[in-house]
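Contents: one structure, followed by commentary.
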2 protein chains.
Amino acid sequence: MTHGAAGRSPVMADVARIAGVSHQTVSRVLNHHPNVRPATRDRVLAAIEELGYRRNLSARALVTRRTNTLGVVAFDTTLYGPASTLFGLEQAARDAGYFISIVSLKTINRKTVGEALDYLAAQAVDGLIAIAPQVEAAAAVSALQGNVPVVAVEGGEADGMPVVAVDQVHGAELATRHLLDLGHRTVWHVAGPVDWLEAEGRKRGWRATLEAAGVEIPPVVEGDWSPRSGYEAGLRIADDARSGRASAIFVSNDQMALGLLRALHEAGVRVPQDVSIVGFDDIPEAEFLTPPLTTVRQDFAEVGRKSIALLLDLIETGPRPETERIVVSPVLVARASTAPPAST
Amino acid sequence: MTHGAAGRSPVMADVARIAGVSHQTVSRVLNHHPNVRPATRDRVLAAIEELGYRRNLSARALVTRRTNTLGVVAFDTTLYGPASTLFGLEQAARDAGYFISIVSLKTINRKTVGEALDYLAAQAVDGLIAIAPQVEAAAAVSALQGNVPVVAVEGGEADGMPVVAVDQVHGAELATRHLLDLGHRTVWHVAGPVDWLEAEGRKRGWRATLEAAGVEIPPVVEGDWSPRSGYEAGLRIADDARSGRASAIFVSNDQMALGLLRALHEAGVRVPQDVSIVGFDDIPEAEFLTPPLTTVRQDFAEVGRKSIALLLDLIETGPRPETERIVVSPVLVARASTAPPAST
DNA sequence: CAGTGTGCTGTGAACGTTAACAAACCCGCC
DNA sequence: GGCGGGTTTGTTAACGTTCACAGCACACTG
């Protein structure tokens with residue numbers, strides 16, 4: 001296994017010596033340069049194998065000015081959505097032969113995002129992905145980006161950077177339509193935090209669908225994604241639910257829906273007999289709540305793949321004239337938390 | 001802002017020229033070498049500021065043979081536990097001035113782990129953290145590790161590598177004791193997959209506590225962490241629960257507990273009146289289940305910090321004579337899913 | 001048979017940093 | 001005023017790779 005030379009791990013020159021070629025030929029073999037005679041290539045490969053040689057990426061990066069690393073700025077990666085997106089990104093990047101460097105932030109503002117970008121810039125990443133679900137975050141990233149290509153995931157449309165996102169508006173339409181189609185007179189909405197783009201999109205889709213159907217639009221109840229805020233929303237809606245004024249609720253994510261189910265249960269409101277509920281995300285738990293939750297599923301892996309593909313393309317071919325926006329469609333998953341309204 | 005020279009980003013020599021010193025002095029300032037006159041340092045720093053200079057880490061790594069990068073091998077990072085651990089690791093590493101490179105695997109076996117280590121070795125990481133909750137994974141990592149320091153998180157004790165882990169056995173004792181102290185005659189157990197070390201530890205703690213109390217030990221019901229498997233376990237236990245033979249259940253994680261709650265609900269078994277339930281993890285949803293779940297909370301951030309600290313120490317000072325094992329204690333969080341048994 | 005292209009290989013010089021050594025400087029002291 | 005000791009600075013040589021260029025052999029063309 002180990003050959004001659006002591007301790008020090010082998011370098012190209014060692015391989016070259018053993019294979020009886022120049023170091024440059026070794027480099028060519030490694031980089032799949034076409035003009036190498038098969039016999040030579042085989043000898044080189046054998047030498048590489050024999051020595052257990054690995055090329056030194058630092059030296060390579062030094063001369064090529066490419067680190068083969070992509071930076072990711074993420075936010076609250078313990079939430080199901082961001083965690084899944086991150087997972088998808090990592091897989092896609094690895095498949096494409098890129099390394100990935102992640103910064104996850106607890107709070108998002110111009111300062112923390114700036115520090116994150118600094119940190120990634122220090123690594124000389126070849127490109128940047130910003131999981132920027134908040135208005136503020138997207139703005140901070142677009143304000144601070146240097147000259148490395150950036151792709152936003154779930155970012156807003158305004159800021160002139162390419163975006164890959166799930167079509168939140170359409171997802172919300174699916175949810176709202178589903179409830180209207182079941183016969184509900186109107187649909188209430190528990191929204192996510194106002195500064196989140198996804199929350200915003202879902203609210204828009206919900207409102208648009210109600211308007212298109214020409215039905216009354218109930219007041220929006222605000223939450224912050226947490227089960228607790230869903231619980232509190234549930235307490236607030238419970239009276240309307242009992243009186244039959246609220247018979248269908250579209251909740252902006254599953255965690256809040258879970259809290260809301262809890263609140264309704266405590267208030268003695270039955271789901272789906274008295275009230276129908278639709279969530280968003282399809283977290284693994286959704287299927288096993290009481291009752292199993294109808295929800296909207298997002299394909300995070302697909303978002304990851306599309307983001308990496310777009311970013312690599314940007315790195316390869318330079319910036320585009322017009323800003324791109326790639327959209328992934330969500331699907332409705334119908335379960336037991338929705339039903340036709342009680343006969344009034 | 002930009003100074004003279006075109007496009008090309010500034011290098012040490014540029015800074016040196018502006019500050020009127022040699023590039024070596026610039027290097028010294030950057031590396032906080034003590035022997036630099038304050039006046040000189042200030043001039044250098046001013047020049048760095050003026051040019052917006054950043055040092056090239058590839059060049060640095062090339063000569064120092066340190067990449068300042070730690071590798072992490074993780075598994076199913078969309079689960080709450082691993083995601084939280086990863087988050088903790090990332091924060092701790094960044095605070096310590098290290099970069100982090102992550103590989104998350106879908107399936108764990110010698111092959112996939114080998115590829116992951118290859119991938120990280122290609123980056124010449126200075127150290128390795130293996131989030132190795134499975135017997136198989138821990139074995140694969142320890143078998144394949146090269147000469148870079150490794151720390152296992154949640155790893156087994158056998159394989160001669162340093163480990164940082166939550167004390168699963170103690171956590172299970174807390175859960176089981178809690179139920180016995182409430183007056184339950186014995187405690188049933190829904191276990192995690194047999195090849196997971198955490199599942200194993202929790203089962204051991206449960207059994208030991210029952211034995212110490214001298215009570216009958218019910219058969220173990222097996223799950224796979226998923227809500228679905230908890231649901232199925234619930235269906236299997238439901239009869240024993242109705243008949244009063246099973247009045248207390250310790251479930252090996254919260255997701256399964258959630259599924260189990262669902263099954264018991266369907267079977268008309270009331271929690272906690274008929275059956276008390278304790279979970280493990282304290283996922284954000286736990287507090288808002290029906291009923292709010294009593295569970296055991298793990299401090300993942302602390303695990304992350306301790307792991308990084310241990311790994312950096314290993315990198316700094318070389319391997320230890322005896323293998324270390326650092327343990328973090330979990331705490332019981334009592335909520336509404338546990339109560340004294342119904343008067344029999 | 002000379003001329004010319006093309007496939008393959010080698011040579012030397014970057015890339016931008018740190019390490020090792022050497023030189024200059026300053027200070028106090030005899 | 002010269003001399004030792006420490007501090008501060010500069011010079012030169014790595015580190016391991018890729019790039020640009022040159023050279024050689026060989027086949028093909030006219």
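Within every chain, numbering begins at 1; the chains are lettered A, B, ... in the order of the sequence lines, protein sequences first and strands thereafter.
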Would you tabulate the side-chain donor-acceptor contacts of residues 77-88 of chain B under 3.5 Å, counting partners in other chains and residues two or more places apart, or write 'none'?
| from | atom 1 | to | atom 2 | distance (Å) |
| --- | --- | --- | --- | --- |
| B:T78 | OG1 | B:D76 | OD1 | 3.0 |
| B:S84 | OG | B:Y80 | O | 2.7 |
| B:T85 | OG1 | B:G81 | O | 2.9 |

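With rounding to whole Å, A:H33 atom NE2 is found 9 Å from C:dC8 atom P. Here the C1' atom of nucleotide D:dT7 and the CZ atom of B:R41 are 13 Å apart, to the nearest Å. Counting to the nearest Å, the C1' atom of C:dA24 and the CZ atom of B:R37 are 12 Å from each other. The nearest whole Å value for the distance from the CZ atom in A:R66 to the C1' atom in D:dT17 is 16 Å. Rounding to whole angstrom units, CG of residue A:N35 and P of D:dC21 are separated by 17 Å.
Comparing the helix axis at one end of the helix from C:dC1-D:dG30 to C:dC30-D:dG1 with that at the other, each defined from 5 consecutive pairs, gives an inter-axis angle of 50° (nearest 10°).
The backbone N or O of A:P38 sits nowhere less than 3.5 Å from a side-chain atom of A:T40 that would complete a donor-acceptor pair.
Here ring pair (Phe, Tyr, Trp, His ring centres under 6.0 Å) pairs that include residues 32-58 of chain A, with residues two or more places apart or in two chains, number zero.
No side-chain heavy atom of B:S101 sits under 4.5 Å from any side-chain heavy atom of A:I100.
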Please list, pair by pair, any protein nitrogen or oxygen found under 3.5 Å from a nitrogen or oxygen in nucleotides 26-28 of chain C.
none

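Under 3.5 Å, the side chains of A:N31 and A:R55 contain a donor-acceptor pair of N or O atoms.
Minimum heavy-atom separation, B:S58 to A:L62: CB-N, 3.9 Å. Residues B:L57 and A:A122 share a closest heavy-atom pair of CD1-O, 3.0 Å.
Atom-to-atom distance recorded for A:R28:CZ and A:S22:OG is 6.0 Å, nearest 0.5 angstrom. Atom CD1 of B:I131 is separated from atom OG of B:S104 by 9.0 Å, given to the nearest 0.5 angstrom. Between A:T25 atom OG1 and A:N35 atom CG the span is 11.0 Å, to the nearest 0.5 Å.
A:D313 pairs by the side-chain hydrogen bond (donor to acceptor under 3.5 Å, both in side chains) definition with A:R320, not counting sequence neighbours.
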message = I need a per-nucleotide contact map over nucleotides 15-22 of chain C, read 5' to 3'. Cutoff is protein heavy atoms under 4.0 Å; write B for the base, S for backbone only, - otherwise.
response = BBBBBB--
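A:S22 has no side-chain polar atom (N or O) that falls below the 4.0 Å cut-off from OP1 or OP2 of C:dT11.
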